[in-house]
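Everything below concerns the one structure shown next.
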Amino acid sequence: MSGYFITFEGGEGTGKTTQISLLAQHLGRKGYDVIITREPGGTAGAEAIRYILLSGSVAQYGPFIETFLFTAARADHVSEIIKPSLQSGKIVLCDRFIDSTRVYQGLDNKVDAHIFSILEHIGMKGIKPDLTFLLDIPAKLGMERVNLRRKKIEKIDYFEKASLALQEQRRQAFLELAKHEPHRFQVIDGTCSVEVIADQIKDICHQALLAFP
Ligand SMILES: Nc1ncnc2c1ncn2[C@@H]1O[C@H](COP(=O)(O)OP(=O)(O)OP(=O)(O)O)[C@@H](O)[C@H]1O
Ligand SMILES: [Mg+2]
């Protein structure tokens, strides 16, 4: 693969979508060929699955079914968008990826670990993020931001409805993942201003992309 794969992870309202868009603009100005994509979604089939997942209509059937749906969406997304883009030398910026599944569906090991790892394998098709930004903020602040955003533009989705305690549990689970893979993860203090965070992310990317053509 001649491209570079960067993922943005973190709980609700941590600033992933804001930062991904700023980084794409910045790298584009520097002459890099960049694409932005997101999970669940990114292809027509995966966006259809996103619609079902975010509606919350499958949640009642438990994390097993949910994990299968995320896997189907990811497998399509990886083969149709991410892999071809990396093969053609692009920088792929993805809003959530495997770590969100590990945290949201993997919490409390409700899905058998062996099955979970087989599904990861199926979904990722041999690719892995080169770099992952984990935007970290207290769950309470994330919820406040989501509530504020909701008033302006969007309605709240199923995953955003989780209790504060669960959101905080997810935050700790993300941090735990980062601890286990310190070379891939960059944990960013998401409580700073948008501009300060964007500058940090730019600096880290410049270092990471030094060896990139
Ligand atoms: N550093 C920041 N300081 C203050 N507000 C911020 C910051 N970053 C983002 N916001 C605001 O917080 C809200 C959530 O940001 P954003 O949509 O980027 O988060 P997200 O991580 O993509 O959320 P979600 O997981 O729900 O998609 C937006 O209204 C955004 O403008
Ligand atoms: Mg977002």
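The model shown is predicted, which means the values in this text are computed figures rather than measured ones. For ligands, and for the atoms within them, numbers begin at 1 and follow the listed sequence.
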With only distance considered, is G13 within less than 3.5 Å of ligand 1 through an N or O on each side? yes

Cationic N near anionic O, under 4.0 Å, R38 to E47: yes

Tell me yes or no: between the side chains of Q172 and E168, is some donor less than 3.5 Å from an acceptor? yes

Looking only at distances, can you tell me whether any N or O atom of D95, backbone or side chain, sits closer than 3.5 Å to an N or O atom of ligand 1? no

Suppose I only count heavy atoms of V194 and a 4.0 Å limit; which atoms of ligand 1 are within that range? 1 (N), 2 (C), 7 (C), 8 (N)

S193 heavy atoms within 4.0 Å reach ligand 1 at atoms 1 (N)

Between the candidates G10, S100, C192, which shows the shortest non-hydrogen contact distance to atom 1 (N) of ligand 1? C192

I'd like to know if the side chain of Q105 reaches the main chain of F64, judged simply by a donor and an acceptor atom lying under 3.5 Å from each other, with no hydrogens or angles considered. no

Tell me whether the centres of the aromatic rings in F70 and Y104 are closer together than 6.0 Å. no

Any non-hydrogen atom of L148 lying under 4.0 Å from ligand 1? no

Heavy-atom donor-acceptor pair, K83 side chain to K125 backbone, under 3.5 Å: yes

Parallel under 30°, tilted from 30 to 60°, perpendicular over 60°: which one fits the rings of F8 and F133? tilted

Closer than 4.0 Å to some heavy atom of E12 - which atoms of ligand 1 meet that? 25 (O), 26 (O)

contact_flag Q19 ligand 1 heavy-atom lt 4.0 Å: no

Would G142 count as a contact residue for ligand 1, given that I'm defining contact as a non-hydrogen atom of the residue lying under 4.0 Å from a ligand atom? no

Nearest non-hydrogen contact to atom 5 (N) of ligand 1 from the set M143, R149, R145 belongs to R145

Per-atom contacts, ligand 1 versus R96 - under 4.0 Å to a heavy atom: 25 (O)

Mind checking whether I197 has an N or O less than 3.5 Å away from an N or O of ligand 1? no

So, applying side chain to side chain contact (heavy atoms under 4.5 Å, CB included) with E9, which one of D99, D136, D95 is it? D99

Let me check your reading of the structure: within less than 2.8 Å of the Mg ion (ligand 2), is there an N/O/S atom from T18? no

For the residue pair H26 and H206, establish whether any side-chain heavy-atom pair is separated by less than 4.5 Å. yes

Contact check, G190 vs ligand 1, heavy-atom distance below 4.0 Å: yes

Ignoring hydrogens and geometry, is there a side-chain-to-backbone donor-acceptor pair from K16 to C94 under 3.5 Å? no

Closer than 4.0 Å to some heavy atom of T18 - which atoms of ligand 1 meet that? 9 (C), 15 (O), 16 (P), 18 (O), 30 (C)

Whether the side chain of S21 engages the backbone of T17 through a donor-acceptor N/O pair (distance < 3.5 Å, no angle test) should be reported. no

Any atoms of ligand 1 less than 4.0 Å from a non-hydrogen atom of G11? List them with their elements. 21 (O), 25 (O)

